[in-house]
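Notes follow once the structure below has been shown.
Residue indices begin at 1 and follow the sequence shown.
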Amino acid sequence: MKLHYLSCAKAWTEALPIGNGRLGAMVFGDPEAEHLQLNEDTLWSGRGPIDENNPNAKSVLSEVRGLIAAGRYAEADKKSKEMMGPYNQSYMPFGDLHLKFRHGGVVQAYERSLDLTDAIARVTYRIGDIAYTREMFASYPDQVIVIRIEASAPGALDFTARLDSPHPYRTSFTADHLYLQGISPEHVDPNYYDRDHPVVYGEPETTEAMRFEGRLGIQLEGGAYAIDHDGLHIQSAKAVTLLFSAETSFQGYDKPPAKESSEVAAANEDRLQRAMTKSFEQLRQAHIDDYTALFNRVELRLGASEAAERTPTDQRIAESGAKDAGLVELLFQYGRYLLIASSRAGSQPANLQGIWNKELRPPWSSNWTLNINTQMNYWLAETCHLSECHEPLLGYIQKLSNNGRKTAEVNYGCRGWVAHHNGDIWCQSAPVGDYGHGDPVWALWPMSAAWLCQHLWEHYAFTQDERYLREQAYPIMREAVLFCLDWLHPDENGYFITSPSTSPEHKFVTADGQMAAVSQASRMDMSLIWDLLTSSIEASSVLNIDEPLRAEMAAARAKLQPMRIGKHGHLQEWSKDWDDEDVHHRHVSHLFGIYPGRQLTELETPDLFQAARTSLERRGDGGTGWSLAWKICLWARFQDGNRTLALISNLLHLVKESETNYHHGGVYANLFDAHPPFQIDGNFGFTAGVAEMLVQSHAGEISLLPALPDAWPVGSVRGLRARGAMSVNLSWAGGALQEAEIEAQFGGSCRIRTKESSLSVESEGTNVPYEVVMEGVIRFDTEAGKIYTLRSL
């Protein structure tokens with residue numbers, strides 16, 4: 001469980017990430033010039049919340065619908081641009097910590113690593129007979145980044161530490177702290193928007209943008225130090241612990257940033273001083289105890305080889321890829337590590353790059369892209385036993401819904417709440433596009449609320465926390481339902497449809513050969529609304545409330561325009577059987593009902609299930625990094641383990657920093673997902689996909705080893721979670737289940753699907769009777785807290 005390398009990072013995508021949800025750093029590991037590129041998750045551009053809603057959209061809506069009904073799709077595209085609002089803001093880099101060492105000499109026995117078992121990045125090397133070590137981690141309990149530097153001989157450490165930032169900043173110092181204060185831009189245009197002044201700063205004293213401070217403290221063992229404007233200078237030390245703390249003037253999504261730098265400084269000083277009262281050993285142990293309480297819940301064994309584990313990680317990717325089962329294990333657990341590092345209670349949710357960004361104009365603003373990417377970030381949270389790490393997204397949905405109510409009313413004249421393709425720290429809910437610059441194929445998509453509500457329901461489905469469902473989830477889901485009920489309207493056959501409607505980022509070819517984006521009732525719209533209505537019906541039943549609305553939801557669901565099978569035997573992406581702009585397009589939005597949805601199953605909807613499989617076949621096995629991850633999840637749901645592993649092989653392809661082909665994914669040397677460029681969603685989606693290969697629970701039963709490939713004949717997994725608040729441990733040999741342990745947190749009925757013809761079930765040494773529901777499916781009753789062991793006979 002270690003990423004390791006025999007040379008320092010030359011590129012950002014070779015550096016190693018550490019994080020505590022709020023603070024992040026990329027560690028480069030140069031022996032003579034260490035570099036930590038720093039982030040803080042609330043540092044965004046912008047001057048606070050703005051009214052981004054577009055009152056003109058409501059009047060344009062009927063015109064767009066009329067053009068669509070008349071089949072004038074290209075005109076509808078053009079007209080719909082008038083429904084857009086401004087672009088949202090961008091996630092910003094914080095700055096850099098540079099350590100310049102003065103030990104000189106020839107470096108020997110160099111290694112740098114990131115150990116996933118303790119979340120510590122290490123650098124070790126030797127100069128002459130003196131061994132040098134560095135340990136770096138981001139502590140969640142103490143909310144600081146800790147850098148420990150040691151030499152094997154007294155007096156061997158001489159170096160200077162300095163802070164800088166890509167933003168306007170100044171450095172200051174006290175007797176024991178070096179600190180940096182800066183300002184964020186008041187506005188940053190997306191990196192794809194070509195304008196003369198895309199980054200705009202205000203005056204340092206009067207700007208309304210975010211202010212920030214980074215502060216560096218020191219604990220010294222031997223030697224001496226001095227601090228001035230040029231940095232923190234260490235002389236003749238044996239060991240040094242540096243503590244970095246950061247703070248911004250962010251006060252909440254609905255408030256402008258604080259204007260006083262003194263407020264930022266006071267909060268930062270207080271946090272650092274508390275951490276400085278602890279020894280390195282205390283800081284380290286608190287960090288490990290906190291992290292391992294989450295990470296150690298899940299263990300996966302697929303047949304790793306010691307020889308492969310000794311090979312540097314970048315070499316393993318290039319030489320072996322998915323044939324190295326240990327590398328698959330590593331990438332699986334790396335996804336869990338990255339979620340722990342970028343999404344903790346009290347932090348912002350993981351964005352398009354988690355929390356790690358070095359660019360003033362990051363790819364796609366490093367925002368929350370809500371038509372797949374943000375959702376994919378959290379697919380692993382419940383199945384891979386990191387439910388607490390789901391909380392930042394669930395909290396963000398609450399805030400977004402507050403703004404989304406106004407957008408629903410102003411832009412569309414609808415009840416409830418709505419959100420679109422992009423979100424930022426100010427929870428912008430209106431369609432972006434700078435009032436017409438954007439393309440409706442991605443900007444005009446009012447369906448993210450429906451998709452985000454799936455996460456609210458899934459958190460309940462896995463935890464069975466009824467209080468959470470009543471007080472937090474269902475009220476938000478209910479409001480999203482109200483919008484959808486108002487947004488739906490009947491077509492000429494009486495079916496409920498949406499219009500305007502897009503299939504995110506993918507265009508169709510009209511009968512006259514034109515490309516268009518806007519039509520009515522895309523399959524994804526219909527599937528998302530079906531999913532929202534279904535979960536909300538179930539939620540209201542659990543809570544025994546809203547019976548009239550429940551009946552209205554059920555009636556609306558029954559009238560949704562049905563799915564259609566197209567001329568190629570595929571599930572239609574649009575309401576008409578148009579040809580694709582690109583048959584191999586990276587988005588597979590129309591397959592939402594397979595994964596992450598639950599609308600289509602082989603047992604309940606066999607014809608549509610097969611049509612969806614044909615659609616996935618037609619898309620092919622290529623794609624960007626996150627697209628490959630989605631296809632891994634889909635093939636797992638189609639229960640084709642060998643095809644799923646083939647997609648894993650495509651993902652475990654080494655991509656170099658210089659490669660910027662947006663349609664060819666893989667992983668970088670540090671195992672970051674390559675869109676390219678870097679996006680973190682593919683890491684998270686991959687981990688979710690591997691879990692889905694081993695355990696599925698979306699169809700009212702726990703399916704064991706549904707998509708096990710031939711190349712993994714022996715293995716085990718411990719700690720996966722299933723809906724119904726169930727924990728699952730598995731072991732298998734010869735490609736067949738040996739033993740499974742099911743722990744029922746709250747008890748209740750348990751249905752198990754396996755490929756084994758004969759099973760025994762016992763608990764606490766006593767045989768448990770079970771019912772054979774159908775071939776391959778058994779059912780038995782469970783008691784809260786008990787473990788049930790299934791064995792193949």
From the list P363, S45, S366, side-chain contact (heavy atoms from CB on, under 4.5 Å) with S90 holds only for S45
If we only count heavy atoms from C-beta on, is the T687 to L338 side-chain gap below 4.5 Å?
no
Restricting to pairs with a member in residues 335-350, which pass salt bridge (Lys or Arg N to Asp or Glu O under 4.0 Å), not counting sequence neighbours?
D290-R344
Non-neighbouring partners of E14 that pass side chain to side chain donor-acceptor pair (under 3.5 Å), sequence neighbours left out
none
Take the angle between the ring planes of W626 and H675 and call it parallel below 30°, perpendicular above 60°, tilted in between.
parallel
Please identify each residue that fulfils ring-ring contact (aromatic ring centres under 6.0 Å, His included) with F212, with sequence neighbours left out.
F94, H167
Please lay out, stage by stage, how R102 and T160 fare under the test side chain to side chain donor-acceptor pair (under 3.5 Å).
CA-CA 8 Å; R102 294 183 288 274; T160 294; 2.9 Å; yes
Look at the side chain of K238 and the backbone N and O of A156, then say whether any donor-acceptor pair between them is shorter than 3.5 Å.
no
Under the side chain to side chain contact (heavy atoms under 4.5 Å, CB included) rule, collect the residues that match up with K656, sequence neighbours excluded.
S658, E659
Would you say H233 and D228 are linked by a side-chain donor-acceptor pair, where the criterion is simply a distance under 3.5 Å?
yes
Any chance the side chains of E186 and T207 put a donor and an acceptor closer than 3.5 Å?
yes
Does a side-chain heavy-atom distance below 4.5 Å link M136 with L16?
no
With sequence neighbours left out, the residues meeting salt bridge (charged side-chain N to carboxylate O under 4.0 Å, His left out) with E111 are none
Partner residues of N39 under the side chain to side chain donor-acceptor pair (under 3.5 Å) criterion, sequence neighbours left out
Q37
Check the orientation of F173 and H229. Use parallel for under 30°, tilted for 30 to 60°, and perpendicular for over 60°.
perpendicular
Donor-acceptor pair between T42 and T248 side chains, under 3.5 angstrom
yes
Is there a donor-acceptor pair closer than 3.5 Å between any side-chain N or O of Y337 and the backbone N or O of F295?
no
Beyond-backbone contact of T292 with T117, side-chain heavy atoms, under 4.5 angstrom:
no
Can you tell me how far CG of L339 sits from CG of N683, rounded to the nearest 0.5 angstrom?
11.0 Å
Pair L386, L380 - check side-chain contact (heavy atoms from CB on, under 4.5 Å), show working.
CA-CA 8 Å; L386 294 174; L380 71 92; 4.0 Å; yes
Quick check against the 3.5 Å criterion: does Y668 have a side-chain atom that pairs as donor or acceptor with the backbone of P676?
no
When you measure from the side chain of E329 to the backbone N and O of L302, does any donor-acceptor pair fall under 3.5 Å?
yes
Member of E247, E40, E269 meeting the salt bridge (charged side-chain N to carboxylate O under 4.0 Å, His left out) criterion with R215:
E269
Parallel, tilted or perpendicular: which fits the ring planes of Y91 and W44, with parallel below 30° and perpendicular above 60°?
tilted
Go through the steps for C389 and I340 under the test side-chain contact (heavy atoms from CB on, under 4.5 Å), then give the verdict.
CA-CA 6 Å; C389 296; I340 296 169; 4.2 Å; yes
Verdict with reasoning, S320 to L327, per side-chain contact (heavy atoms from CB on, under 4.5 Å):
CA-CA 9 Å; S320 302; L327 186 61; 5.6 Å; no
Under the side chain to side chain contact (heavy atoms under 4.5 Å, CB included) rule, collect the residues that match up with P257, sequence neighbours excluded.
M210, S249, W426
Partners meeting side chain to side chain donor-acceptor pair (under 3.5 Å) with T383 (sequence neighbours left out):
none
Sequence-distant partners of E150, side chain to side chain contact (heavy atoms under 4.5 Å, CB included), two or more places apart:
T133, R148, A239
Are the side chain of R297 and the backbone N or O of H385 linked by a donor-acceptor pair below 3.5 Å?
yes
Nearest-0.5 Å distance, CZ of residue F101 to CZ of residue R134
4.0 Å
Quick check: do L114 and V27 have side-chain heavy atoms less than 4.5 Å from each other?
no
Can you tell me if R122 and T124 form a side-chain donor-acceptor pair at under 3.5 Å?
no
In this structure, CZ of F686 is separated from CE of M376 (nearest 0.5 Å) by 12.5 Å
Evaluate the side-chain proximity of P185 to M92: yes if any heavy-atom separation is below 4.5 Å, no if none is.
yes
Between L3 and L330, what is the shortest heavy-atom contact and its length?
CD1-CD1, 4.1 Å
With a 4.5 Å limit on heavy-atom distance, are the side chains of N357 and N351 in contact?
no
Going through the checks in order, is the side-chain contact (heavy atoms from CB on, under 4.5 Å) test met by L97 and I145?
CA-CA 11 Å; L97 171 61; I145 291 175; over 6 Å; no
Those residues that, when tested against H98, pass side chain to side chain contact (heavy atoms under 4.5 Å, CB included) (two or more places apart):
H35, D96, R162, D164
Is the closest side-chain heavy-atom distance between R284 and I120 below 4.5 Å?
yes
Distance in Å, E32 CD paired with K100 NZ, rounded so as to fall on 0.5 Å steps
5.5 Å
Could you verify whether a donor N or O on one side chain and an acceptor N or O on the other, from T369 and N367, lie under 3.5 Å apart?
yes
Strictly by modelled atom types, are T374 and Y396 linked by a side-chain donor-acceptor pair under 3.5 Å?
no
At what distance, to the nearest 0.5 angstrom, does CG of L6 lie from OH of Y125?
16.0 Å
Those residues at least two apart in sequence (or on a different chain) that pass salt bridge (charged side-chain N to carboxylate O under 4.0 Å, His left out) with D142 are K278
Ring-plane angle category for F672 and F678, please: parallel below 30°, perpendicular beyond 60°, tilted otherwise.
parallel
D270 meets the salt bridge (charged side-chain N to carboxylate O under 4.0 Å, His left out) criterion, sequence neighbours left out, with R274
Is the side chain of R22 donor-acceptor paired with the backbone N or O of Y140 at a distance under 3.5 Å, no angle test?
no
Could you check if a side-chain atom of T463 sits within less than 4.5 angstrom of a side-chain atom of S387, using non-hydrogen atoms only?
yes
Closer than 3.5 angstrom, by distance alone: can the side chain of H177 be matched with the main-chain N or O of I218 as a donor-acceptor pair?
no
For D115, does its backbone N or O pair with a side-chain atom of S113 as donor and acceptor, under 3.5 Å?
no
Between D681 and N377, is there a donor-acceptor pair closer than 3.5 Å when you use the side chain of the first and the backbone of the second?
no
Looking at Y334 and L116, would you say the former's side chain and the latter's main chain have a donor-acceptor pair under 3.5 Å?
no
